[in-house]
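We number each residue from 1, following the sequence as shown. None of the values given here were measured: they were computed from a predicted structure. Excluded from the calculations below are hydrogen atoms, water molecules and symmetry mates; all remaining heavy atoms, backbone and side chain alike, are included. Atoms within a ligand are numbered from 1 in the order they appear, just like the ligands themselves.
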Amino acid sequence: MSDKKRIVSGMRPTGSIHLGNFHGALANWIKMQNEYESFYFVADWHALTSEYENPSNILQNTQDMLIDWLASGLNPEKATIFVQSQIKEHAELYLLLSMITPATWLERNPTYKEQVIALSNKDLSTFGFLGYPVLQAADIIIYKADAVPVGIDQVPHVEITREIARRFNYLYGKVFPEPQAALAESPKLLGIDRQKMSKSYNNAIYLSDAPENIRNKVSGMITDPQRAKKKDPGDPSVCNVYEFHKLYTSETKRNDIEKSCKKAEIGCVECKKIIAANLIESLAPFREKREYYLANPSLLKDIIQSGNKKARAVASATMEEAKAAIKL
Ligand code: TRP
Ligand code: SF4
């Protein structure tokens, strides 16, 4: 056994990764794989809880997301990368946990209430959707994770996970550690329309966007909303374009831009040309790696098969312990 601490995290398969996903989660996963024993998976069963009426995209989205993970630096030599639905033990533990989870914990879950309202175009009054956090708890504790790198929105789910683990241990004897949420600071990149960047808002810049696409999207970005004309001074601190400069432009150049913007010496058109060029350049190695994986589909298959195998070995060992504790 490794003496490193263990982390587990998952992402629902939404398809290609955009810069919001990347800087919000994936960049942190890539960093953490160096210091932790890491398990990262595609939560395709979780996607089914809201997409059950139209599941036809889940498989393709899973493939697209996995390629983007690998191309952006998630490393199968360091991290165990796998697909939730390929590890049946998650479902088995989910069933056991469902026996001991009070329904009230799920009914009062703030994420649940919000999502039912936010996704009102879908009928989410299902058993599966209510049980979403129980499945998530199984995903996490089946690997005996110490920590779960997630965004702030997932903290209630990690809290329910801890409560479920504690309850299992109380009823049957200690099997599961109680995992902590590991929050990372993430930059506040918005979509090109200044709303939250999201596939469903059609405002996202993807890691895999072609240079031409990036130029077009960036040129359409909303900047400092108070700056109507080039002769008006701008305020980088409220400008979404400037947030991108913070990540993709050298400090010296960025400081120049900040000063010039405040003095109305640089126009937004020029400023956007700079960031578009820097983005395109930074993403070039990603695009190349992605092409490589697309051209060699057996490689992705092998990586996932081997990740699944490693994950399954750990998950089934935990299941044996869990069943023994319940005396099944
Ligand atoms: N609910 C998480 C999200 O929407 C995805 C997820 C599923 C997850 N299982 C997990 C995250 C286990 C961390 C650990 O982002
Ligand atoms: Fe934003 Fe750049 Fe325009 Fe200033 S010049 S408002 S930083 S896009």
Side-chain angles (χ1 to χ4, degrees), residues 6-14 20-21 24-26 28-29 32 38-50 65 82-85 87 90 93-94 109 111-112 114-115 119 129 131-143 145 147-162 164 179-183 190 192 194 218-246 249 253-276 311:
R6 191 179 279 175
I7 57 173
V8 174
S9 197
M11 240 184 247
R12 277 172 299 174
T14 47
N21 304 137
L26 191 53
N28 190 36
W29 289 13
M32 291 181 89
S38 312
F39 289 78
Y40 298 132
F41 67 95
V42 181
D44 54 346
W45 277 334
H46 277 109
L48 203 54
T49 64
S50 55
M65 198 162 84
F82 64 100
V83 176
Q84 183 188 39
S85 66
I87 318 296
H90 288 223
L93 183 57
Y94 166 59
N109 166 24
T111 321
Y112 175 70
E114 278 164 31
Q115 292 280 321
L119 305 177
F129 194 70
Y132 186 113
V134 185
L135 179 58
Q136 184 160 345
D139 297 338
I140 296 167
I141 68 176
I142 205 159
Y143 300 101
V148 191
V150 283
I152 190 113
D153 63 308
Q154 291 296 312
V155 168
H157 287 157
V158 179
E159 193 46 47
I160 294 179
T161 300
R162 294 165 58 79
I164 293 174
Q180 301 279 352
L183 288 174
L190 299 173
I192 56 178
R194 242 171 154 256
V218 169
S219 82
M221 272 171 84
I222 296 181
T223 63
D224 170 0
Q226 303 296 323
R227 189 178 190 198
K229 302 199 191 75
K230 190 177 164 187
K231 65 174 174 32
D232 302 332
D235 180 359
S237 72
V238 297
C239 177
N240 187 31
V241 172
Y242 194 73
E243 290 301 315
F244 284 76
H245 278 297
K246 285 188 192 163
T249 302
K253 180 76 193 164
R254 185 182 355 120
N255 290 338
D256 283 353
I257 291 173
E258 185 183 4
K259 278 185 219 131
S260 316
C261 170
K262 286 179 176 164
K263 289 193 247 161
E265 286 169 2
I266 185 177
C268 295
V269 174
E270 189 190 341
C271 186
K272 285 175 173 177
K273 280 196 180 137
I274 300 170
I275 190 60

Which residue owns the protein heavy atom closest to atom 9 (N) of ligand 1, what's the atom, and how far is it? Asp139 OD2, 2.7 Å
For atom 7 (C) of ligand 1, what is the closest protein heavy atom, and at what distance to 0.1 Å? His46 ND1, 3.3 Å
Name the closest protein heavy atom to atom 2 (Fe) of ligand 2, giving the residue it belongs to and the distance to 0.1 Å. Cys271 SG, 2.4 Å
Where on Phe41 is there a heavy atom closer than 4.0 Å to ligand 1, on the side chain, on the backbone, on both, or on neither? side chain
Among protein heavy atoms, which sits nearest to atom 3 (C) of ligand 1, and what does the distance come to when rounded to 0.1 Å? Gln154 NE2, 3.3 Å
For ligand 1, the portion of Asp153 having any non-hydrogen atom under 4.0 Å away: neither
To the nearest 0.1 Å, how far is atom 5 (S) of ligand 2 from its closest protein heavy atom, and which atom is that? Arg227 NH1, 3.1 Å
Out of Cys268, Cys261, Cys239, whose heavy atom is nearest to atom 1 (Fe) of ligand 2? Cys239
Using a 4.0 Å heavy-atom cut-off, which part of Ser9 comes near ligand 1: side chain, backbone, both, or neither? both
Which residue owns the protein heavy atom closest to atom 8 (C) of ligand 1, what's the atom, and how far is it? Gln136 NE2, 3.5 Å
Report yes if His157 has an N/O atom closer than 3.5 Å to an N/O atom of ligand 1; otherwise report no. no
Number the atoms of ligand 1 from 1 as they appear, then name those within less than 4.0 Å of a heavy atom of Val150, with their elements. 13 (C)
A student checking ligand 1 against Val148 at a 4.0 Å heavy-atom cut-off should list atoms 13 (C), 14 (C)
